[in-house]
Chemist: 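One structure follows; several queries about it will come next.
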Amino acid sequence: MASALARYPHFCNSATPEGRPIVRPRISNPAAAPNGKKPNNKLRRRSKADHFALNRALSAFVDSGCLDNAVYLFENMPRSDAYAWNVLIRGFVNKGLFREAVELYRRMAREGIRADNYTFPFVVKACGGMLALMEGEKVHAKLFKAGLDLDLYVGNSLISMYAENGRVDLAEKVFGEMCERDVVSWNAMISGFLSGGDGWSSLALLREMQVYGMRPDRYSLISALGATSLECYLRSGREIHCWAIRSGLESDFMVETSLVDMYCKCGTVYYAERLFNSASKENIVTWNAMIDGYASNALPSKSLACMKSMQDNYNLNPDSITMINLLPACAQLGFLRVGKSVHGHSIRKGFFPNMVLETALINMYGISGGLKEAKFLFGKMAEKSLISWNAIIAAHVQNGQNEEALGLFQKLWCEPLEPDAITIASILPAFAEVALLREGRQIHGYASKLGLGSNIYISNSIIYMYAKCADLSTAQQIFYKMSIKDVVSWNVIIMAHGIHGCGGKSIALFKEMQKYGVEPNASTFFSLLMSCSISGLVDEGWGYFNQMRGSYNIDPGIEHYGCVLDLIGRTGNLDCAKEFVTQMPMVPSARIWGSLLTASRKHGNIEMAEYAAKHILSLEHDNTGCCILLSNMYAEAGRWEDFEGIKSLMRKEGLTKTVGYSMMESRGKIYSFTNNDKCCQHASMIYGVLDIISKGIGVNIHSTRVTRFRLLDLAKERAKSAAAHAVRLAISFGLVSTAIGKPVLIRQNTRICEDCHSAAKKISDLSCREIIVGDAKVIHHFRDGRCSCNDYW
DNA sequence: TTAGGGTTAG
């Protein structure tokens, strides 16, 4: 637009680029007699014919897209009437130069030419195109004053303008007050409801227009098919298809494309494919609709094959929309390389800048593990929409970068953009993973403000978020208040109880969901088995695992095997655990070997730990957690050479321990602590409390692990002593900064260490307070010297 | 001699 303005600056300010006001050359009127006497009829007729010829030439330039020539001619015409102005305004509108069109309309008024019933439809359309509601309303007031508001064409353009500006209510008002309506009026309103996201009203209006004796045309059908797609209402789509056949519109290329798209969006890709196969293949839009249809119906390979066939068999070159539609297929297949080649092709073809394409690429990179590329693209984008922000936030969450996602969410508030349902749905998992309860409540409040309280998808995420923020009771309340619950709602509430160590309640909920007629799926069993594993319900877990295939016809996936392995690990029968891993029907992942490693550490079996670690490092050579765990085991066993071996491996690989931190909230403020943090707020008070607590539970804050380490390492390890680990600093501060009797809520980004777990149990007993620590996997409830995880995590 | 509604995309 900026370049267009530079090209036609005089329409904005009636001045030449040098700043001189444009003075239209006044060619003497040939019809005027030189002596000032009345012109004769012959001369007058000739003058009129010349004027008409110039207008016709102007119109011809505009129709053929030669706007530069049209402008030149217009500026050099001896006189211009409303017709000439209208034609030129039309030229700008048709080229999408809406600002210039409106400027020309303003200049027309300044030059004393009255806008007429032909002018306003173009000007109103320009206001719709540039999403300028205020300008549109001003133009509406002007045409009302001119008595043109009842003009059919003007009314039709007003309907579209208001709908485009998101004011379907005003569009409806104009439509309702029209004294005359034609098929275009009905179509504009049908399309208006559709753009406002109200497909049902569109479809109702399609029926109503027929009651009024109006026959739908190709435009009516195209909009109505869009409405059907929006509402996924196949029955209506089929009716419209029948109407298209009866009225001979089925072979209209745009109706045909809309039908293909409708069948895909309604999930009936088979019908779309049948129609597509018999359709003309000349139009790339139809191909694009089919490529998108395959990908949206989980047929990504067909999507790629369709694109290839389009190129090889029909010699059509993919456009930017083809690229956009292809990217979800790449993401589904995990074809990062193909996705990158789509990116490269788009660069070579000059498709950039293109906000939609860039956003689609960010989505693809986010899903395919290419967060670095997604971040790079986002940073380079010239223009970003809310959808672009949603995509980059989701990319961070999908790749476990929750804190960065929350940072971006905060930055979004500084933009002139308002977060929507997708933003909330994208960011909620990050809140669940790293936020404190107060922040969780804020995002819940914001979701309610956006009217998303009854959105199942959002509600499910909110339930999980409350559970992870240690507020199981609010999670339960929201769950039971939901008027409609889907299988995900049940899975989430089962998992919510599971992570709080309430495995028995998870089993009860599993039985309850079936009483309500909800069929469990693979995720239900994952939640259930995970709950059994956290609560140590070994027999129950085994029972449900065995029922999966036999009673529910669900094949256990690797995640289910992982849960059962945790269950076996609890029993301490590590040989059985090892055998279970080697006999799994799928290749064990690093996560599976990690489960065996955890069990080995828990039961002090260093040989089994080494065996598991060997497998983990062969799959993930940079697995820091594995190295840390094994080095701790070596240290505890006094195997210093092996300990140093692991440490040097870590140095060689450039692996650094994740910095653990704990967070807690007091009086609306968030406090964060790292291990042995001497710079935290209220440090002297916190260390004073910690000293008292440590003495109370029989721990010397300065020499906790002396016996476990060599004297040489004593000084080094003292600094790292678990006695001043972040979680204990947070607990110390929590005990004195929160109301007596209330639980102390802590969040920790890593798993709680054994020493701190043991200390937290004792502190809960000593202080008669409940201490809740949500670590990276489990919510530990420490009460009366015990923990809800039964000391296995 | 001029006008209004329209297909695929994040």
Side-chain angles (χ1 to χ4, degrees), chain A residues 51-60 62-63 81-91 93-94 116-125 128 148 151-161 163-164 175 178 181-192 194-195 216-226 229 252-262 264-265 283-293 295-296 319-328 331 351 354-364 366 381 384-392 394 422:
Chain A
H51 177 66
F52 268 44
L54 284 175
N55 273 354
R56 265 199 300 273
L58 184 71
S59 188
V62 163
D63 289 341
D81 55 7
Y83 174 89
W85 288 87
N86 293 345
V87 167
L88 200 58
I89 292 173
R90 171 163 66 92
V93 172
N94 289 347
D116 62 14
N117 54 323
Y118 289 99
T119 321
F120 284 111
F122 295 128
V123 179
V124 170
K125 189 177 179 179
L148 292 169
D151 181 274
L152 178 64
Y153 285 77
V154 170
N156 291 345
S157 61
L158 282 170
I159 294 171
S160 295
M161 184 273 290
E164 272 180 283
F175 181 76
M178 286 172 92
R181 292 182 199 134
D182 65 1
V183 68
V184 179
S185 326
W186 289 89
N187 290 347
M189 200 60 238
I190 290 172
S191 151
L194 177 62
S195 63
D217 64 5
R218 65 196 294 247
Y219 302 114
S220 327
L221 298 195
I222 290 161
S223 295
L225 285 168
S229 304
D252 177 292
F253 75 102
M254 276 156 90
V255 173
E256 204 166 47
T257 302
S258 297
L259 280 166
V260 167
D261 185 51
M262 179 276 295
C264 289
K265 297 246 164 66
N283 180 12
I284 194 168
V285 182
T286 321
W287 285 93
N288 287 347
M290 202 62 235
I291 290 168
D292 173 60
S296 330
D319 63 8
S320 60
I321 299 179
T322 319
M323 300 291 105
I324 292 162
N325 290 349
L326 216 49
L327 288 166
F351 292 155
N354 178 323
M355 192 165 54
V356 179
L357 179 54
E358 286 157 330
T359 306
L361 279 163
I362 291 172
N363 272 336
M364 181 276 296
M381 279 176 84
K384 298 174 183 115
S385 69
L386 178 64
I387 307 174
S388 323
W389 280 88
N390 291 348
I392 194 69
I422 308 291

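Every chain is numbered from 1 and lettered A, B, ... according to where its sequence line falls, protein lines coming before strand lines.
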Chemist: Taking N and O atoms by type only, does the side chain of A:Tyr83 place a donor or acceptor under 3.5 Å from a partner on the base of B:dT1?
Modeler: yes
Chemist: For A:Asn363, what residues pass the side-chain contact (heavy atoms from CB on, under 4.5 Å) criterion, not counting sequence neighbours?
Modeler: A:Ala391
Chemist: Base, sugar-phosphate or nothing for A:Met355? Non-hydrogen atoms, less than 4.0 Å.
Modeler: base
Chemist: Would you give the length of the straight line joining atom OH of A:Tyr118 to atom OH of A:Tyr83, rounded to the nearest 0.5 angstrom?
Modeler: 10.0 Å
Chemist: Over how many whole Å does the gap from A:Phe120 atom CZ to B:dA3 atom P extend?
Modeler: 17 Å
Chemist: Indicate, with a heavy-atom threshold strictly under 4.0 Å, whether A:Ser320 touches base, sugar-phosphate, or nothing.
Modeler: nothing
Chemist: Which part of the nucleic acid, if any, lies within reach of A:Arg90 when heavy atoms closer than 4.0 Å are counted: base, sugar-phosphate only, or nothing?
Modeler: sugar-phosphate
Chemist: Using the side-chain heavy atoms of A:Phe52, tell me which of these nucleotides is nearest: B:dA9, B:dT2, B:dT1.
Modeler: B:dT1
Chemist: Please classify the nucleic acid contact of A:Asp182 as base, sugar-phosphate, or nothing, using heavy-atom distances under 4.0 Å.
Modeler: base
Chemist: Rounded off to whole Å, could you give me the CD1-to-P distance for the A:Ile89 and B:dT1 pair?
Modeler: 20 Å
Chemist: To the nearest Å, give me how far apart CD1 (A:Ile321) and P (B:dA9) are.
Modeler: 8 Å
Chemist: Nearest to the A:Tyr219 side chain among B:dG10, B:dG6, B:dT7, which nucleotide is it?
Modeler: B:dG6
Chemist: NA contact type, A:Asp319, heavy-atom cut-off 4.0 Å: base, sugar-phosphate, or nothing?
Modeler: nothing
Chemist: How close or far is atom P of B:dT2 from atom CG of A:Asn94, stated in whole angstroms?
Modeler: 14 Å
Chemist: Tell me if the side-chain of A:Ser258 makes a donor-acceptor pair with the base of B:dT7, cut-off 3.5 Å, by modelled atom types.
Modeler: no
Chemist: Checking all strands, does A:Val255 fall into the base, sugar-phosphate, or nothing category for heavy-atom contacts under 4.0 angstrom?
Modeler: nothing
Chemist: Base, sugar-phosphate or nothing for A:Ser388? Non-hydrogen atoms, less than 4.0 Å.
Modeler: base
Chemist: Treating A:Asp292 as the side-chain partner and A:Ala295 as the backbone partner, does any N or O pair qualify as donor plus acceptor under 3.5 Å?
Modeler: no
Chemist: Rounding to a whole Å, what distance do you find between A:Trp389:CH2 and B:dG10:P?
Modeler: 21 Å
Chemist: By the 4.0 Å heavy-atom rule, please label A:Asn55 as base, sugar-phosphate, or nothing.
Modeler: base
Chemist: Please identify each residue that fulfils side-chain contact (heavy atoms from CB on, under 4.5 Å) with A:Ala331, with sequence neighbours left out.
Modeler: A:Met364, A:Ile367, A:Ser368
Chemist: Check every strand shown and say whether A:Lys384 touches a base, only sugar-phosphate, or nothing at a heavy-atom separation below 4.0 Å.
Modeler: nothing
Chemist: Heavy atoms only, 4.0 Å cut-off, all strands: where does A:Leu225 land among base, sugar-phosphate and nothing?
Modeler: nothing
Chemist: Rounded off to whole Å, could you give me the OH-to-P distance for the A:Tyr118 and B:dT1 pair?
Modeler: 10 Å
Chemist: Mind checking if A:Ser160 touches a base, just sugar-phosphate, or nothing, with heavy atoms under 4.0 Å?
Modeler: sugar-phosphate
Chemist: Grab the CG-C1' distance between A:Asn86 and B:dA3 for me, whole Å please.
Modeler: 8 Å
Chemist: Would you mind telling me which of B:dG5, B:dT8, B:dA3 lies closest to the side-chain atoms of A:Val285?
Modeler: B:dT8
Chemist: Judged by modelled atom types alone, do A:Ser160 and A:Ser157 share a side-chain donor-acceptor pair under 3.5 Å?
Modeler: no
Chemist: Take the protein atom CG of A:Asn117 and the nucleotide atom P of B:dA3, then report the distance between them rounded to whole Å.
Modeler: 12 Å
Chemist: Where the side chain of A:Ala188 is defined as all heavy atoms beyond and including C-beta, which of B:dG10, B:dG5, B:dT8 is the nearest nucleotide?
Modeler: B:dG5
Chemist: Indicate, yes or no, whether a donor-acceptor pair under 3.5 Å links the base of B:dG5 to the side chain of A:Ser223.
Modeler: no
Chemist: How many angstroms lie between CG in A:Leu357 and CG in A:Leu327, if you round to the nearest 0.5 Å?
Modeler: 6.5 Å
Chemist: I want to check one thing: is the phosphate of B:dG6, taken as OP1 and OP2, less than 4.0 Å away from some side-chain N or O of A:Ser191?
Modeler: yes
Chemist: Taking 4.0 Å as the cut-off, does a side-chain nitrogen or oxygen of A:Lys125 come that near to OP1 or OP2 on B:dT2?
Modeler: no
Chemist: What I want to find out is whether A:Asp63 reaches A:Arg56 closely enough, with some N-O distance under 4.0 Å, to be called a salt bridge.
Modeler: no
